[in-house]
There are 2 protein chains.
Amino acid sequence: MNDGEIKYKNYLHSKGQKFTPERQIILKEVLALAHHFDVDELYERLRRKGHRVSRATIYRTLPSLVENKIIKEAVRCQDNITKYEYIFGHDHHDHIVCIKCGKIYEFKNEQIEKLQEITCKGYKFKPVEHRLGIRGYCQKCRRG
Amino acid sequence: MNDGEIKYKNYLHSKGQKFTPERQIILKEVLALAHHFDVDELYERLRRKGHRVSRATIYRTLPSLVENKIIKEAVRCQDNITKYEYIFGHDHHDHIVCIKCGKIYEFKNEQIEKLQEITCKGYKFKPVEHRLGIRGYCQKCRRG
DNA sequence: TATCTAATTGTAATTCAGTCTCAATTGCAA
DNA sequence: TTGCAATTGAGACTGAATTACAATTAGATA
Ligand SMILES: [Mn+2]
Ligand SMILES: [Mn+2]
Ligand SMILES: [Zn+2]
Ligand SMILES: [Zn+2]
């Protein structure tokens with residue numbers, strides 16, 4: 001069992017929930033997926049590998065992985081599908097997304113992070129998470 | 001006709017579209033609403049005022065107001081409803097949202113804005129818009 | 001290890017925001 | 001006026017997500 005699996009198992013246990021084979025399969029695949037994904041992508045990948053996990057179970061499991069901070073909901077795209085992003089063991093980062101080709105740059109700017117904290121302090125607000133997404137055109141797409 | 005109405009009328013005209021009574025009613029109400037709203041809120045408000053505009057027409061009109069930069073899609077909340085926010089004539093700002101009571105602070109930090117620009121330059125990326133939302137607990141809700 | 005039970009699963013039905021179809025209406029240019 | 005493309009409202013439809021329910025099962029306990 002790797003760190004993610006241990007973390008999730010402990011989390012489930014602390015809530016009187018079970019580390020079922022289905023949850024293990026889903027978690028393992030999520031950890032293998034390095035990047036952004038949605039329910040259907042995950043379902044098809046599992047299917048191709050011969051795992052039979054129902055969509056309902058995936059829909060039930062992903063929110064619990066979010067609560068356990070193993071994944072998070074990612075920036076919504078134009079189509080109205082919930083996208084997820086693996087975060088456990090990854091550093092926080094923000095996104096720059098090309099409107100035209102969909103290319104995504106991930107970045108983190110410590111000064112921006114710091115300024116956000118200062119801003120929150122000013123409102124006596126306790127930040128838990130934040131999301132910064134910049135949309136526009138990548139180098140390729142801006143000419144053309 | 002105020003600035004918003006003129007802007008929208010010209011926009012529609014430039015696309016061979018009509019400044020219909022329904023669109024006028026919707027626009028007028030949107031301009032009157034100072035803040036965040038969704039389709040149903042708008043529909044009910046119009047209803048109460050005796051205006052009979054169908055939900056379908058509202059669903060059709062709001063995206064065109066977005067394209068005309070009179071409103072924009074606001075931060076999504078927990079429920080999966082598209083929220084809009086009036087922007088025409090308002091300065092850009094970002095959001096701090098209380099997870100518990102829903103309180104929203106609007107802020108703008110010029111340094112953060114500048115740092116975003118610099119970051120984009122580094123990727124030779126041309127930013128068009130961005131969204132920064134900080135979620136956490138407001139002063140009231142952090143104790144309690 | 002066998003027993004027991006609350007948690008979990010898959011299936012299929014359901015929800016519901018948002019989109020689309022279509023016949024009737026209307027704004028507006030000529 | 002007239003003509004016609006754009007628009008409207010009603011209601012059907014879509015599809016992601018949720019839920020009910022009966023069957024199954026993880027895993028705590030004895
Ligand atoms: Mn950040
Ligand atoms: Mn900003
Ligand atoms: Zn691009
Ligand atoms: Zn609060």
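Lettering follows sequence order; numbering is per chain, from 1. No hydrogens, no waters, no symmetry mates; every other heavy atom, side chains included, goes into these values.
- Considering only side-chain atoms of A:A56, the nucleotide from D:dT8, C:dA12, C:dC20 that sits closest is C:dA12.
- Across all strands, B:R55 comes closer than 4.0 Å to no nucleic acid atom at all (heavy-atom distances).
- A cation-pi contact, defined as under 6.0 Å to the ring centre and within 45° of the axis, links B:K103 to B:Y105.
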Using a 4.0 Å cut-off on protein heavy atoms (strictly under), produce a 5'-to-3' string for nucleotides 22-28 of chain D with B for base contact, S for backbone-only sugar-phosphate contact, and - for none. ---BBSS
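- Taking the side chain of A:T82 as heavy atoms from C-beta on, and the options C:dG10, D:dT7, D:dA17, the nearest nucleotide is D:dA17.
- Classified by interplanar angle (parallel below 30°, tilted 30° to 60°, perpendicular above 60°), the ring pair A:Y11/A:Y8 is parallel.
- Checked by distance alone, B:R60 brings a side-chain donor or acceptor within 3.5 Å of a matching partner on the base of D:dG9.
- For B:R23 against C:dG27, a side-chain-to-base donor-acceptor contact under 3.5 Å is absent.
- Checked by atom type, the side-chain pair B:S54/B:Y59 shows no donor-acceptor distance below 3.5 Å.
- The side chain of B:T57 approaches D:dT8 more closely than any other nucleotide in the set D:dA16, C:dA17, D:dT8.
- Side-chain N/O atoms of B:E85 and B:H95 include a donor and acceptor closer than 3.5 Å.
- Side-chain N/O atoms of B:Y59 include one lying less than 4.0 angstrom from OP1 or OP2 on C:dG18.
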